[in-house]
Every structure is written in C-alpha cells, then in structure tokens.
Amino acid sequence: IAFDHATLDADYQQRAGEIRQLEIVGADADVSAHGTLVLGDAGQSNLTFHADSPRLAELGSLFDVPITGIGSVDGTVTGNRTELQAAGHLTGDGITYQDNGALTLTASYTARVPDLDFKRAAVDADSRATFVEVAGQQIDEVKGTTTYADQRLGFDLTASQPKRSAKGSGSILLHPDHQEVHLEHLALTTANQEWNIPQGEQATINYAHDSITVDKVRLVSGDQEIVADGRFGQAGSKIQVKMSNVDLARVVAPLAQPPDLLGA
C-alpha cells in the first residue's frame with residue numbers, strides 16, 4: 001500500500017504518548033489521530049481517531065481477508081494498560097466478503113483489551129445492514145447486536161423481507177478446525193404463521209471443510225413439526241427431514257412461492 005505523505009507530531013515517555021498530530025494519507029487509506037495514549041498503569045488515555053478506505057480489498061489483502069467495498073471507522077480510546085477501551089462508529093458501502101455482502105452497513109461498537117493482550121479482546125456491536133445477500137438469499141434488512149470474547153461470537157439478530165422475517169439468537173464458537181453454531185432461539189414469521197425452536201431446546205449446526213452438519217434441528221408451529229438431521233456438502237452425505245401434521249401449502253408461503261403444493 002502506497003501513501004502520499006505522513007505527518008507525526010508527538011512525545012512519548014514513561015509508557016505514555018501525547019499525539020498532537022498523526023496523519024497518513026494515501027490512495028487506499030487515510031488515517032488521523034490526536035490525543036493521549038497511556039500504555040502504563042498510571043493515567044488515562046483520551047485518543048480520538050479516524051480511518052477510511054475507498055478500497056477495502058487492498059487492506060484485506062494484507063491480512064488475506066477477501067473483503068471489498070468502502071469503509072470508515074471513528075472512535076475514542078480510553079483507559080490504560082489494565083484495560084484499554086475503544087468506542088465509536090463504523091460504516092461501510094458495497095461491502096462483500098466471499099459470496100456474501102451488503103449495500104450499506106452501520107454499527108456502533110465498544111472494544112476492550114485487558115493487559116494489552118489482544119487475544120483476550122472483547123467487542124460489543126449494535127449493527128444494521130441493508131440489501132444483504134447471504135448464501136444466495138436476498139434480505140432487505142438485518143439488524144441486531146453481536147458480542148465477541150474468548151473465540152465466541154454471540155448474536156441476537158432480526159432479518160426482514162417482504163411479508164416474512166426471521167429472528168434468532170445464540171452463539172458461534174470459532175474452533176481452529178470448525179465453526180459451531182448454537183441457536184438458542186429461532187422464530188420464522190410470515191403473515192399467517194410462526195415456526196419456532198421449542199422453548200428449552202437448542203439447535204446445533206457445525207461447519208467444517210465445506211460440510212455442514214445439522215444435529216436434530218426441530219421447528220414447531222402449533223401441532224406441526226419439522227425435524228432435520230444429518231450432513232450435506234460431501235459425497236454420500238445426506239440430511240433427513242421428517243414432517244408431522246404439516247400443512248404443505250403454509251410451508252411454501254415463507255418461501256414466497258405460489259401455493260401450488262397442497263396436502264398434509
């Protein structure tokens with residue numbers, strides 16, 4: 001990444017820095033900051049910063065992250081070595097990650113780093129994205145809260161489309177060899193019905209090596225029941241779906257297709 005120019009006017013002593021001016025300007029990114037940054041146990045930081053990039057793909061290539069689009073982040077750093085905190089706002093336009101993306105993205109975030117150990121960092125965010133594409137599905141809006149700590153991503157999200165919505169909460173465990181999704185609550189709603197994971201139950205989904213494993217995911221709507229269990233994504237794998245007392249015409253409705261399938 002090439003920068004046109006950089007300016008730094010600062011003092012640093014006894015693990016504390018006073019940054020009067022920090023400015024880095026380039027075609028791929030602009031960064032600015034000013035204030036106090038304390039990396040010792042005494043004193044408090046008060047550092048404001050701004051960074052934006054019209055070409056996130058260039059920055060993503062540094063970390064081997066397949067992201068594209070335009071992004072900016074603003075925030076203020078407080079605290080000291082015991083626990084540094086950063087809070088602010090993030091925006092993005094035309095964001096894509098692999099085959100997923102969003103037209104717009106806004107978020108308010110708070111990040112905490114104890115003892116300058118970034119492996120123990122914790123992040124809370126309140127986010128909203130519009131015109132989202134996930135796994136080939138077009139979603140008008142996704143909003144909610146997320147938390148990250150100890151390789152666990154917690155979420156409470158609502159996805160909306162015309163005449164239907166999905167609300168889910170749970171967690172994603174980020175293991176070295178696979179990702180494990182635990183759905184503690186899931187509600188799929190249309191104009192005339194709602195499907196839920198029964199209270200007290202959880203749905204577990206594992207993803208690893210281009211294979212997805214579904215562990216007895218059960219959805220109910222009144223006396224109707226759908227249970228899915230198995231694996232897909234690899235040769236010979238299969239998912240078994242069992243339906244009981246299901247009105248098929250009402251099941252088709254959430255898929256926004258004409259109700260030309262009848263029966264039970």
Side-chain angles (χ1 to χ4, degrees), residues 97-102 105 107 109 122-130 132-234 237-248 250-256:
Y97 177 79
Q98 295 180 340
D99 295 328
N100 308 313
L105 170 66
Y109 69 88
V123 181
D124 301 328
D126 189 346
S127 309
R128 177 178 180 267
T130 61
V132 178
E133 182 174 354
V134 178
Q137 293 292 315
Q138 301 290 335
I139 305 172
D140 289 2
E141 181 185 65
V142 178
K143 61 181 180 180
T145 59
T146 53
T147 60
Y148 175 80
D150 298 325
Q151 295 186 319
R152 178 186 181 274
L153 179 66
F155 61 88
D156 187 348
L157 301 174
T158 300
S160 303
Q161 292 178 307
K163 300 182 180 180
R164 56 179 175 172
S165 66
K167 179 176 177 60
S169 61
S171 61
I172 302 175
L173 302 182
L174 305 175
H175 298 287
D177 58 344
H178 72 283
Q179 286 76 49
E180 187 174 310
V181 181
H182 294 272
L183 281 172
E184 300 168 2
H185 172 73
L186 177 65
L188 306 176
T189 305
T190 66
N192 59 353
Q193 64 178 317
E194 179 174 293
W195 289 84
N196 296 275
I197 294 176
Q199 187 173 4
E201 295 186 16
Q202 287 191 14
T204 302
I205 302 171
N206 283 279
Y207 174 78
H209 308 299
D210 298 324
S211 176
I212 296 178
T213 301
V214 178
D215 185 14
K216 295 182 180 178
V217 175
R218 188 163 76 100
L219 294 172
V220 298
S221 179
D223 63 349
Q224 301 179 96
E225 180 185 69
I226 300 176
V227 180
D229 184 59
R231 175 185 295 181
F232 69 91
Q234 295 181 344
S237 61
K238 64 180 179 180
I239 286 186
Q240 295 181 331
V241 179
K242 180 181 178 181
M243 297 187 293
S244 302
N245 301 320
V246 174
D247 185 339
L248 296 180
R250 297 182 69 192
V251 171
V252 171
L255 302 178

**OP:** Could you check Y109 against D124 for side-chain contact (heavy atoms from CB on, under 4.5 Å), going step by step and ending with a plain yes or no?
**Re:** CA-CA 6 Å; Y109 69 88; D124 301 328; over 6 Å; no
Original post:
Rounded to the nearest 0.5 Å, how far apart are CG of N100 and CD of E133?
Top reply: 7.5 Å
Original post:
What are the two closest non-hydrogen atoms of D126 and G144, and how far apart are they?
Top reply: OD1-O, 3.3 Å
Subject >> More than 12 heavy atoms from other groups under 6.0 Å of CZ on R231 >> reply: no
Subject >> Stepwise side-chain contact (heavy atoms from CB on, under 4.5 Å) check, F155 with T145 >> reply: CA-CA 6 Å; F155 61 88; T145 59; over 6 Å; no
Original post:
Just checking, is any N or O donor in the side chain of E194 or T189 under 3.5 Å from an acceptor N or O on the other one?
Top reply: yes
**OP:** Take T204 and V181, measure what side-chain contact (heavy atoms from CB on, under 4.5 Å) needs, and give me the verdict at the end.
**Re:** CA-CA 6 Å; T204 302; V181 181; over 6 Å; no
Original post:
Out of curiosity, L219 CG to I197 CD1, how far, rounded to the nearest 0.5 Å?
Top reply: 6.0 Å
**OP:** Step by step, work out the side chain to side chain donor-acceptor pair (under 3.5 Å) result for R164 and T190.
**Re:** CA-CA 4 Å; R164 56 179 175 172; T190 66; over 6 Å; no
Original post:
Under 4.5 Å between any side-chain heavy atoms of V142 and T158, yes or no?
Top reply: no
Original post:
Rounded to the nearest 0.5 Å, how far does NZ of K143 lie from OG1 of T130?
Top reply: 12.5 Å
Original post:
Which pair of heavy atoms, one from G230 and one from I239, lies closest together, and at what distance?
Top reply: C-CG1, 3.6 Å
Subject >> Enclosure of Q199 CD (heavy-atom neighbours >12, cutoff 6.0 Å) >> reply: no
Original post:
Can you tell if the side chain of I226 reaches within under 4.5 Å of the side chain of V241, non-hydrogen atoms only?
Top reply: yes
Original post:
Do P198 and R218 have side-chain heavy atoms sitting under 4.5 Å apart?
Top reply: yes
Original post:
What is the distance from atom OG1 of T213 to atom CD1 of I205, rounded to the nearest 0.5 Å?
Top reply: 10.0 Å
Subject >> Sidechain-backbone polar pair: D229 side chain, K216 backbone, donor-acceptor under 3.5 Å >> reply: yes
**OP:** Count the heavy atoms belonging to other residues, nucleotides or ligands that lie under 6.0 Å from NZ of K167, then report whether that count exceeds 12.
**Re:** yes
Original post:
Do M243 and E225 come close enough that some side-chain heavy atom pair is under 4.5 Å?
Top reply: no
Subject >> Candidate pair H182 and E180, rule side chain to side chain donor-acceptor pair (under 3.5 Å), full reasoning >> reply: CA-CA 7 Å; H182 294 272; E180 187 174 310; 2.5 Å; yes
Original post:
To the nearest 0.5 Å, how far apart are CD1 in I139 and OG in S165?
Top reply: 11.0 Å
**OP:** Under the side-chain contact (heavy atoms from CB on, under 4.5 Å) rule, what do R128 and E141 come out as? Steps first, then yes or no, please.
**Re:** CA-CA 7 Å; R128 177 178 180 267; E141 181 185 65; 2.6 Å; yes
Subject >> CG-CG distance between N196 and L188, expressed to the nearest 0.5 angstrom >> reply: 7.5 Å
